[in-house]
Amino acid sequence: MGKYTEEIKRRRTFAIISHPDAGKTTLTEKFLLYGGAINQAGVVKGKKNARAATSDWMEIEKQRGISVTSSVMQFQYDGFCINILDTPGHQDFSEDTYRTLMAADSAVMVIDAAKGVEPQTRKLFKVCAMRDIPIFTFINKMDREARDPFELCEELENELGIATCPINWPIGCGKEFKGVYDLREHKIIHFTSNTNARAATATEVALDDPLLAELIGEDKRDQLVEEAELLEGAGAEFDMDAVRHGKLSPVFFGSALTNFGVEPFLESFLQMTTAPLPRMAGDTLVDSFDDDFSGFVFKIQANMNKAHRDRIAFMRVCSGRFDAEKEVYLVQQNRKVKLSRPQQLMAAEREIIEEAYAGDIIGVFDPGMFSIGDTICAPGKKFCFDPIPTFAPEHFCRVRPKDTLKRKQFIKGAEQIAQEGAIQIFKIPYAGMEEVIVGVVGTLQFDVFEYRLKNEYNVDLVMERLPYEYLRWIESYDGDPEDIIKGNDVKMVEDYKGNKLLLFGAQWSINWVLDKNKDKGLKLSEFGGARF
Ligand code: G4P
């Protein structure tokens, strides 16, 4: 047994994914409430105009009223040490959001029961599925009018391509929501609305208890008995191995706002999900329970204060124990350093830490030495974790400096911001660097890019939106990529390493190009290899 097994075993590191407004913040808040990390609802997110929230922890972001951070929160619950990785929604959506998922061992997917699978859920799910991490579904807002639960499960299966296995089953919805039937314990948890208490009050009765008809009415009882039989006959078998490999998603129904079903969900989830998972470094599998420390950088947060070009690098501890007093080895730079000011987020506060264990996320002061994907390990070790993929941007701009004499600063600034991973830059083949194409996952990044070039590099920009929405890496093609048959609406660009990529305006256009070039074995990918 390793020296730190006890500490590592109790860690759970997961991301919460959803489309905006499905209830991710509300659910996170209830988790923190149960863990005692906060003591009243509304701390993570206040009412409408006080949306500041724990996520917007960088002071400068608060001043600017935007959040470009995916935040991390740690709290304790029932002996577990839980790290939640938040994935921002709406306009803050960025490539960082995808990269954050690389640091998680599992994901909780929150679905609005009235809306089902929505676009952002689909995008985030795809990235989780690529890594085969376990995905748990919480179908939220059952206290409102909801879609038929069978239909919702079917949609998850058809749209996302993952099998589902309901763990509990809702009885009615909206005003008629009576609770859930626990399909494994064979008991009903009766719903009573309770917005502010620590846990919802629940009455438990068995399916064959005569009291049941009194609680939920005879019609609902009969319907439930029928549905329970149907589920037992037709539903996917609960297979823990399939859950662990991301092939089967356990589904829970509840209502985060009224606290219903949240604590049972958290408890089941913690039991079903895994302790920190091992990671590949080339041919080596690095065991999280190994005594030696290792980690990788998955996100770099720039300091918006132009007087300080320093940044914060976010690192996922992958194995062993991180000790702030000890030197670590930066593999890509081949140097030993002591990391300065390591810090962690505990609900609303940031604090300097002395130690962290596999599964934890820490932020370290970065004077410009880290790149996304860098490996940090105990001196004496020399492996590199597999690179973080590059995700396809969805918005593109042609960009050049207003003043042509500022070309040098423009290139320097654009390259530096691209290195932090906030944007991706592409060249037009055979053209100079007078102008570049900037690609982003969320449009807010255009504003950040413009703001930073002006404030940090003193360059005003001319930006022109381009009508492309899809970028694809060329995975294989028999011949010179220049010869790929493409319509007028497809543009070829080049990345830093000279790789050729294709820009498309529509999905059908991708299919058209694939079809026209199938004899030459054209394969396109939504994910690029290592960034640098
Ligand atoms: P998000 O982080 O996924 O974007 O969603 P968030 O938790 O902010 O929730 C979005 C809205 O949905 C909020 O209402 C929230 O109160 C509501 N909500 C969340 N869970 C439930 C639920 O289980 N039942 C019901 N009925 N509503 C739920 P809002 O009006 O936009 O904000 P607020 O005024 O409540 O702050």
Kindly determine whether Gln271 and Phe80 satisfy side-chain contact (heavy atoms from CB on, under 4.5 Å), including the steps that lead there.
CA-CA 10 Å; Gln271 295 305 332; Phe80 291 99; 4.1 Å; yes
Hey, mind stepping through Leu524 and Trp473 against side-chain contact (heavy atoms from CB on, under 4.5 Å) and telling me if it holds?
CA-CA 6 Å; Leu524 299 173; Trp473 280 263; over 6 Å; no
Worked check of side chain to side chain donor-acceptor pair (under 3.5 Å) between Ser319 and Ser294
CA-CA 5 Å; Ser319 66; Ser294 71; 2.7 Å; yes
Evaluate the side-chain contact (heavy atoms from CB on, under 4.5 Å) criterion for residues Asn140 and Asp112: first the C-alpha distance (whole Å), next the side-chain angles of each, then the deciding distance (0.1 Å), finally the verdict.
CA-CA 5 Å; Asn140 191 31; Asp112 183 326; over 6 Å; no
Run the numbers on Val459 and Arg400 for side-chain contact (heavy atoms from CB on, under 4.5 Å), then give the verdict.
CA-CA 10 Å; Val459 182; Arg400 61 183 162 85; over 6 Å; no
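With Ser525 contributing its side chain and Phe527 its backbone, the two residues share a donor-acceptor pair below 3.5 Å. For Gln424 (side chain) and Ala392 (main-chain N/O), no donor-acceptor pair under 3.5 Å exists by modelled atom type. Of the possible polar contacts, none joining the Arg99 side chain to the Pro389 backbone as a donor-acceptor pair under 3.5 Å is found. Checked by atom type and distance alone, the side chain of Glu159 never pairs as donor or acceptor with a backbone atom of Val117 at under 3.5 Å. A donor-acceptor pair under 3.5 Å is absent between the side-chain atoms of Asp366 and the main chain of Ile312, judged by distance alone. Judged by distance alone, with hydrogens and angles left aside, the side-chain atoms of Arg11 form no donor-acceptor pair with the main-chain N or O of Gly359 at under 3.5 Å. Side-chain atoms of Glu494 do not come within 3.5 Å of backbone N or O of Leu501 as any donor-acceptor pair. A donor-acceptor contact shorter than 3.5 Å is absent between the side chain of Asp480 and the backbone of Asp483. Not a single donor-acceptor pair under 3.5 Å links the side chain of Lys500 to the backbone N or O of Ile474. At least one donor-acceptor pair closer than 3.5 Å links the side chain of Ser476 to the backbone N or O of Gly521.
Glu95 and Gln445 form no side-chain donor-acceptor contact under 3.5 Å, judged by distance and modelled atom types alone. Counting only N and O atoms by type, the side chains of Glu526 and Tyr470 include no donor and acceptor under 3.5 Å apart. Ser371 and Gln419 share a donor-acceptor pair across their side chains, judged by distance under 3.5 Å alone. For the 3.5 Å distance criterion, the side chains of Gln74 and Asp360 qualify, holding a donor opposite an acceptor. A donor-acceptor pair shorter than 3.5 Å cannot be found between the side chains of Thr87 and Thr100. If you check the side chains of Ser249 and Thr164, you find no donor sitting under 3.5 Å from an acceptor.
Relative to the six-membered ring of Tyr329, Lys336 misses at least one condition, a distance below 6.0 Å or an angle of at most 45° to the axis. Stacking of Arg184 on the aromatic ring of Phe238 is recorded, both the 6.0 Å distance cut-off and the 45° axial limit being met.
Under the side chain to side chain donor-acceptor pair (under 3.5 Å) criterion, Glu154 pairs with no residue, sequence neighbours left out. Partners of Lys491 by salt bridge (Lys or Arg N to Asp or Glu O under 4.0 Å), not counting sequence neighbours: none found. Contacts of Glu118 classified as salt bridge (Lys or Arg N to Asp or Glu O under 4.0 Å), with partners at least two apart in sequence or in another chain: none. Taking His395 as the reference, Arg465 meet the side chain to side chain donor-acceptor pair (under 3.5 Å) condition, with sequence neighbours excluded.
Under the 4.5 Å side-chain criterion, counting only non-hydrogen atoms from C-beta, Asp447 is in contact with Leu444. A 4.5 Å side-chain heavy-atom check between Arg316 and Pro276 finds at least one atom pair inside the cut-off. With contacts defined as side-chain heavy-atom distances shorter than 4.5 Å, the pair Leu339/Val328 qualifies. Here the side chains of Pro20 and Gln120 are in contact, with some heavy-atom distance below 4.5 Å. Taking the side chain as every heavy atom from C-beta outward, Met315 and Phe322 never approach each other to under 4.5 Å. Between Asn458 and Gln409, every side-chain heavy-atom pair lies at or beyond the 4.5 Å cut-off. Within the 4.5 Å cutoff, no side-chain heavy atoms of Met73 are placed close to those of Asn83.
Aromatic rings of Trp169 and Phe150 (six-membered ring for Trp) have centroids within the 6.0 Å cut-off, being under it.
Within the structure, ring-ring contact (aromatic ring centres under 6.0 Å, His included) contacts touching residues 107-141 (residues at least two apart or in different chains) are Phe136-Phe269, Phe138-Phe265. The side chain to side chain donor-acceptor pair (under 3.5 Å) analysis of residues 373-386, with sequence neighbours excluded, yields the pairs Asp292-Lys381.
When the shell of 6.0 Å around NZ of Lys126 is examined, it contains 12 or fewer heavy atoms from other residues, nucleotides or ligands.
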